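Take a look at the structure below.
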Amino acid sequence: MTMATDNSITVKFFARLREELDTTTLTVEAQPGLTAGQLLRSLATKGGSWAQLDGEQPVMIAVNQVMTKPDRALQPGDEVAFFPPVTGG
Amino acid sequence: MTMATDNSITVKFFARLREELDTTTLTVEAQPGLTAGQLLRSLATKGGSWAQLDGEQPVMIAVNQVMTKPDRALQPGDEVAFFPPVTGG
Amino acid sequence: MIRVQQQDFDPAEEYRALRNSGSGTGAIATFTGLVRDSGDLSGVTGLFLEHYPGMTEQVIEGLVLEASRRWDVRDARIIHRVGSLALADQIVFVGVCSAHRGDAFAACEFIMDALKTSAPFWKKEITGDTEHWVEQKAADLDRTQSWD
Amino acid sequence: MIRVQQQDFDPAEEYRALRNSGSGTGAIATFTGLVRDSGDLSGVTGLFLEHYPGMTEQVIEGLVLEASRRWDVRDARIIHRVGSLALADQIVFVGVCSAHRGDAFAACEFIMDALKTSAPFWKKEITGDTEHWVEQKAADLDRTQSWD
């Protein structure tokens, strides 16, 4: 069992992305200066269905449950979420 | 008992006008070319509270239950109504 | 469905009827007006509502037709009370259902605005032992004209 | 009052709560969204609604605060369902009460419009044995931006 360290960032996916990536949550290490957009592009390099994260479709970003832009720098302990444009109501 | 003839026009009053004139309905004789506005001004010549019909306060006019302008000519059998601006809802 | 009546109404019944208007209905907008304590006067304890029987129903039917020409309206239900009303009583209900939410909101608000300036209802405010016929508001005329 | 829930709701209960918000309330506007048979696809038989627990409630609270800054809002009640819904099921309720009708309509429509473009809900349409994640509509974004 790996304990999440103080240095980890939780990443969540929702809706079509959650299904296509077959991933609800993953944990990454925080790195100084890493932005949400950079994290997204680094995940895209996993290839396969992950490649779509690199600009193919619009991806919305929330950090700590607040919508944000890709240039937002991530801190250890942050909760980052990536999801398609919302369609409720 | 006076029967309303084919030549009569029914005049109705509502709300503040009905109360101040102490009149719900009256009957007048139709006259060729008489307009709703002329009827209103002729009623104003009765004096007393009737004088207000001569432009003192806005009076709305309906003929046969459809809102109309003062230049509308009246026909025998018409139902004319005079009332203050409406305030429902 | 247009009703002018002395008795109270139940918005839940009207909502149920709107909801049952068919599988294409995706949006229901409703409005209810209540007697509140300050109108032209403050300390209002009740209202008396007069109307012009016959003409009222015709005018409201015309407003519903006009709304149906402008927007997708699957059904519209309008109730307006007359007679003596107490503080917090329901006065008026307008409910519209449509395929789309924008149409439901627009048609509901249009009917409500137009009803205030063109349907022959008159309100008298009662405050204790004084009575006062409510004056038409310029703002209400402006709201109605904004739909032209 | 903001609720995100799987179970159905009763608009009549919400209306009663809005009506009891005080003697200054003169206007109650409500909106209910229903599952209809044609969305992105035709022949829709049901929906699946996903959301982002925690964030959803925060976003909606923010919308109510923003509406209260812009208009007279005495009370607002918002319910959004998640999970599996069938044709004609109720999806969402927004109810607002105010002293004035213009404020009640505006705040209700603003919250509903903004909810569609900024609250983290996602709709999947089900038609028989196919599923389709609904795409965000440019028209919905336009409606929300029209409030800016």
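Quick note on labels: first sequence line is chain A, next is B, and so on, each numbered from 1. Please read all numbers here as calculations on a predicted model, not as lab measurements.
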> Top residue by heavy-atom pair count (under 4.5 Å) with chain B, among L49(C), V134(C), L115(C)?
Replying inline: V134(C)
> Side-chain contact, heavy-atom cut-off 4.5 Å: Q65(B) with Y52(C)?
Replying inline: yes
> Contact part of P84(B) toward chain C, heavy-atom cut-off under 4.5 Å: side chain, backbone, both or neither?
Replying inline: both
> Are any of the side-chain heavy atoms of R16(B) and K124(C) separated by less than 4.5 Å?
Replying inline: no
> Atom CD of E19(B) and atom CD of E50(C): how far apart are they, to the nearest 0.5 Å?
Replying inline: 7.5 Å
> Of Q136(C), H51(C), K116(C), K123(C), which is the lone residue that meets side chain to side chain contact (heavy atoms under 4.5 Å, CB included) with V86(B)?
Replying inline: Q136(C)
> Considering only heavy atoms, which portion of A15(B) lies under 4.5 Å from any heavy atom of chain C: side chain, backbone, both, or neither?
Replying inline: both
>> Can a donor-acceptor pair be found, under 3.5 Å and without considering hydrogens, that links the side chain of W122(C) to the backbone of F14(B)?
In response: no
> Using non-hydrogen atoms only, which part of K137(C) is less than 4.5 Å away from chain B: side chain, backbone, both, or neither?
Replying inline: neither
> Does Q6(C) CD have over 12 foreign heavy atoms under 6.0 Å away?
Replying inline: no
